[in-house]
Structure formats: C-alpha cells, structure tokens
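Below is one structure; the comments refer to it alone.
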Amino acid sequence: MKAQRHAKIIELISGGTVGTQEELTELLAQSGFAVTQATVSRDIKKLNITKTPLRDGSYRYFVAAGEDTAIIGRLTKIFRESVTYADSAQNIVVIKTLPGLAPGACSALDSLSGPDIVGTIAGDDTAFLLMRTTEDAGVFLERIKGMLTYA
C-alpha cells in the first residue's frame, strides 16, 4: 500500500500544481488513500520532494523524475554542504562552492533538475547553469536558496 501511495504522490505532484500538504492529502483521499497530514509529511521527506517557489509568490512541489530517491538525498546533502553562494544574471545562475566541490554540486543539480536547466559547467569552485529563460533562473535561484536555508 505504501509503494502505491508513493507512486500516486509522485503522479499527483508531477502532473499538477500541488503546493501544500493539505492539498496533497485531499487529492490522495479523492484517489482512495485515507492518510493524515503527518503521513504525507513523512512521505514527502522519504521521496525527497522539495517545494519550489514560483514567481507569483506561491509554491509547487517538485519531484526529480527518474532518479533513485536515496541517491537524490545524498546529492542534496552534498549540494548543501558544498555551496557557499548563489546568484543569477539574466538566464545564467552562478554557484560558488568550497574549493574543489563545484563538480559535485553540478552533479547534484544535474540529477535534481527539471527541463528548465539547459546545461551546467563546473570549474574548481564555481558552477554556471544555463537556464532556458531569465524567469527560470530566478525561480531556480530561489529553490537553491531554499535548499541552503533549510540545510
């Protein structure tokens, strides 16, 4: 039942604009899964689902498609421990890391990213991310800062 619920959570988040645990709990109930908000909270943590800020000030849950959640968790930890600064200019996001850790941060971003990232380049302590649009860069930068804030 847990695996089926997890699959449904990923389906709901991937296909919509779920922004709160309450919304997700209601959608799961409509799909035949009677769960509490606490269960949904644990599932979100287990599946390494993150909340992405949108330009309009609202939030949306984000699922890294096609990746093993244990690997994503490890890559997220690497990212949090290596990044010291992030900023953007137009559709480019610049990430500063501790010396020698930019390749690891880029690998984490490549694994966690959606279609908004065109590509990444890593040096020793700096990574450049080419985003599709300036808006994508702003949204992604807020997501990065959120990851660093809650580390």
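The figures here come from the full heavy-atom set of this structure, side chains too, leaving out hydrogens, waters and symmetry mates. Along the sequence shown, the residues carry numbers beginning at 1.
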- Note: Asp124 and Pro99 closest approach over all heavy atoms is OD2-CA, 4.0 Å
- The reported gap from CG in Leu12 to CG in Leu24 (rounded to nearest 0.5 angstrom) is 6.0 Å
- Note on the structure: Looking only at heavy atoms, the pair that brings Ala102 and Gly123 closest together is CB-O, 3.4 Å
- Under 4.5 Å between side-chain heavy atoms, chaining through other members, with only Ile, Leu, Val, Met, Phe, Trp and Tyr counted: pull out the rest of the cluster around Leu98, sorted by chain and number. Leu101
- What pair of heavy atoms forms the shortest contact from Ile49 to Ile9, and how long is it? CD1-CG2, 3.8 Å
- In the hydrophobic clustering (ILVMFWY, side-chain contacts below 4.5 Å, transitive), which residues join Val118, or is it alone? Ile92, Val94, Phe128, Leu130
- So how far is it from Gln21 CD to Leu28 CG, rounded to the nearest 0.5 Å? 11.0 Å
- For the residue pair Lys8 and Gln4, establish whether any side-chain heavy-atom pair is separated by less than 4.5 Å. no
- Do Asp125 side-chain atoms and Lys96 backbone N/O form a donor-acceptor pair below 3.5 Å? no
- Message: Could you tell me if the side chain of Gln30 sits less than 4.5 Å from the side chain of Leu27, heavy atoms only?
- Response: yes
- Quick one: pull up CG in Asn91 and CD in Glu135 and give me the separation to the nearest 0.5 Å. 12.5 Å
- Query: Got a second to check how far Leu129's CG is from Phe140's CZ, nearest 0.5 Å?
  - Reply: 6.0 Å
- Nearest heavy-atom neighbours spanning Thr97 and Thr126: OG1-N, 4.4 Å
- Atom of Asp87, atom of Leu141 and distance for their closest heavy-atom approach: N-CD1, 3.6 Å
- Scan residues 23-43 for pairs that pass salt bridge (Lys or Arg N to Asp or Glu O under 4.0 Å), counting only residues two or more places apart or in two chains. Arg5-Asp43
- At their closest point, which heavy atom of Ile13 faces which heavy atom of Arg60, and how far apart are they? O-NH2, 3.8 Å
